[in-house]
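Here the structure comes first, spelled out in structure tokens, and everything after it is commentary.
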Amino acid sequence: MSEELRKASLVELQTRMAQGELTAQELVQVFLDAIHRLDERLGSVIEVNPAALATAEALDQERRKGRVRGPLHGIPVLLKDNIDTDDGTLTTAGSLALVGSRPSQEATVAARLREAGAILMGKANMSEWANFRSTRSTSGWSARGGQCRNPHRPSHNPCGSSSGSGAAVAAHLAPVSLGTETDGSIVCPSAVCGIVGIKPTVGLTSRAGVIPVAHSQDTVGPMARTVADAAQVLGALVGPDGRDPATAASQGHYHRDYTRFLDPEGLRGARIGVPRSRFFGYHPATDAVIEQALAAMEDAGAILVDPADIPTATDDRLREAEFQVLLTEFKHDIAAYLATRIPLPTAELPTPRTLEDLIRFNQEYADLEMPHFGQEIFEMAQEKGGLDDPAYQEARALSRQLAAVEGLDATLDAYQLDALVAPTTSPAWPIDYEQGDRYLGSSSQLAAMAGYPLITVPAGFVDGLPVGITFMGRAWSEPTLIRLAYAFEQATQARRPPPEFID
């Protein structure tokens, strides 16, 4: 029974609870038992919530009294360890520097999950500081959580920075999770772990109470085993939030129920572009999987425009413009976030308030914080000026121009496309602290810089390792992307669970 429950969809779990066959408390216990039994080898969960079972019991009592908050009532969710919670768990971005303090207020997305009846089961491990500390980091590693591993091959990397969020869901240690993305941090771990990840338009979900990298690109989204489950969670997260001014732009664009866009015939008549230049060719075996995926789309009635190359995709200015924006915004945004932290009564060290404090902490505790890689990115960010720096403002404007106006928008308009598709990234690579991450290529950068949405869906396997395909579109096009991704998922049924972690 426990293995069956671990495999079940959110709708199936909700149906069982509605029929009295299952309680939320029993469901949480199933996943806690699986974490205790299986996660030592995987390292995907950094901490379980000591209040999870009590919360589940309270929600069961509500159900018995006839109150059901919605489709997430009684559903356990893992949160990435950069999402503030007001419970017995810490929020540290994987760093020991934040162990001695707590958030002053719960993240809006966490509070919205609670309001929807979800149970915050614990925190997922992550690439420390969201992979924005070193130029040669190893994804999935944090000083607090150790190395997270890919459930399809534990010698291989789960990608980052939402590493544990992806690995835990893939290994059936949680039904769904939340991740965050600045550039690739939801879609990459989702793809290499063989699950679905939705990276929303910047401003669709609140970042208030989320440890930041950069406000122009950061976003919070669901990670799940199916498009339907991810869509279910997304609806609970969205909407304007006075704590995050960027969410004001979502007014009129968000939906409380994204499952109404699930259409198995959603590819029929859809115009889908294939940007070959830059996004194909870096891994031939991955390309072969994607070619099969494209054929499946055509069989399902899609109209492929191939190629539909993005004019700016190979522009040499992209990487530098993005990096300069991220460096400057990180220095500003992390200080603003750290100012909200409250020291714990038992704290032996002062609470860091600036990036300079974090750099000093890492130097003082280098044996714990920097055994595998350094903090070159921290040091580069520390040298940056403020948000009024003309160099930053120029880089930000260039990012928007290249990625959105002359990039994605221009291509979607020129070919009258509903979406673009490309390989999400290559299959997972071996964990190697000497070499660091071995990224061969990805398709997330333009959408990251533009603030536009992405959905990655399992497309197949290369040598037993999952490969994902990404659907990308305009700002606020989540309904269209969900429709297309769901139809593709239903047509191909490409996902397979990792055999070592689920029967």
Side-chain angles (χ1 to χ4, degrees), residues 1-36 45 47-79 83-89 103 105-124 168-169 172-178 205-206 208-209 220 222 224-226 228-243 254-260 262:
M1 173 66 82
S2 65
E3 300 304 311
E4 183 182 350
L5 291 174
R6 287 173 59 207
K7 296 177 182 178
S9 70
L10 296 191
V11 169
E12 291 168 340
L13 293 173
Q14 201 60 240
T15 299
R16 289 190 179 212
M17 287 190 280
Q19 294 174 346
E21 301 172 0
L22 175 69
T23 67
Q25 197 170 26
E26 290 169 341
L27 183 61
V28 170
Q29 191 64 63
V30 163
F31 284 107
L32 290 177
D33 288 346
I35 289 168
H36 293 312
V45 180
E47 185 177 10
V48 296
N49 184 358
L53 286 171
T55 302
E57 171 58 22
L59 288 164
D60 285 334
Q61 290 181 14
E62 285 188 18
R63 188 184 292 273
R64 285 193 287 269
K65 293 177 181 178
R67 183 192 179 197
V68 177
R69 301 189 188 192
L72 295 184
H73 190 109
I75 300 295
V77 182
L78 275 178
L79 273 59
I83 300 174
D84 289 346
T85 49
D86 184 17
D87 53 28
T89 60
Q105 187 176 352
E106 190 158 78
T108 298
V109 289
R112 285 179 173 171
L113 284 175
R114 288 190 198 276
E115 291 165 8
I119 299 160
L120 309 188
M121 189 171 61
K123 295 291 178 65
V169 169
H172 297 246
L173 303 184
V176 290
S177 66
L178 290 194
T205 56
S206 173
V220 182
R225 287 186 288 276
T226 67
D229 284 358
Q232 195 82 268
V233 176
L234 182 62
L237 305 178
V238 300
D241 173 24
R243 296 173 62 200
Y254 70 90
H255 302 268
R256 294 298 185 194
D257 179 12
Y258 284 90
T259 64
R260 64 193 181 96
L262 302 173

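Along the sequence shown, the residues carry numbers beginning at 1. What you see is a predicted model, and the numbers here were worked out from it, not measured in a lab. Because only heavy atoms are used, hydrogens play no part in the values below, and waters and symmetry mates are left out as well, while side chains stay in.
Side-chain atoms of Gln232 and Gln14, non-hydrogen and from C-beta on, never get closer than 4.5 Å to each other. Using a 4.5 Å heavy-atom threshold, the side chains of Arg225 and His172 count as touching. Considering only heavy atoms from C-beta on, Ile75 comes within 4.5 Å of Pro175 through its side chain. Looking at heavy atoms from C-beta onward, Asp84 lies out of side-chain contact with Glu106 at the 4.5 angstrom threshold. With contacts defined as side-chain heavy-atom distances shorter than 4.5 Å, the pair Leu78/Val45 qualifies. Side-chain contact check for Met121 versus Ile35: some heavy-atom pair is nearer than 4.5 Å. Using a 4.5 Å cut-off on side-chain heavy atoms (C-beta onward), Leu5 and Glu12 make no contact.
The two atoms that bring Arg69 and Leu59 nearest to each other are NE-CD2, 3.9 Å, heavy atoms only. Scanning all heavy atoms of the two residues, the minimum distance from Val30 to Ser2 falls at CG1-O, 3.7 Å. Closest non-hydrogen pair, Ala236 versus Leu72, comes out as CB-CD1, 3.6 Å. Closest of all the heavy-atom pairs between Leu178 and Ile83 is CB-CD1, 3.9 Å.
Ion pairing between a basic and an acidic side chain is recognised when a charged N comes within 4.0 Å of a carboxylate O; Asp86 and Arg114 show no such pairing.
With rounding to the nearest 0.5 angstrom, the CG atom of Leu120 is 8.0 Å from the OG1 atom of Thr89. Between the CG atom of Leu27 and the CD atom of Gln25 there is a distance of 11.0 Å, given to the nearest 0.5 Å. From Thr108, atom OG1 reaches atom CG of Asp241 across 3.5 Å, with rounding to the nearest 0.5 Å.
Every residue meeting the salt bridge (Lys or Arg N to Asp or Glu O under 4.0 Å) condition with Glu57, not counting sequence neighbours, appears here in chain and number order: Arg64. Qualifying side-chain hydrogen bond (donor to acceptor under 3.5 Å, both in side chains) partners for Thr259, counting only residues two or more places apart in sequence or in other chains: Asp257. The salt bridge (Lys or Arg N to Asp or Glu O under 4.0 Å) search around Arg112 returns none, not counting sequence neighbours. The salt bridge (Lys or Arg N to Asp or Glu O under 4.0 Å) test applied to Glu26 returns no partner, not counting sequence neighbours. With sequence neighbours excluded, the residues that form a ring-ring contact (aromatic ring centres under 6.0 Å, His included) with Tyr258 are His255. Scored by the salt bridge (Lys or Arg N to Asp or Glu O under 4.0 Å) test, Arg243 finds no partners at all (sequence neighbours excluded).
Side-chain atoms of Arg63 come within 3.5 Å of backbone N or O of His73 as a donor-acceptor pair.
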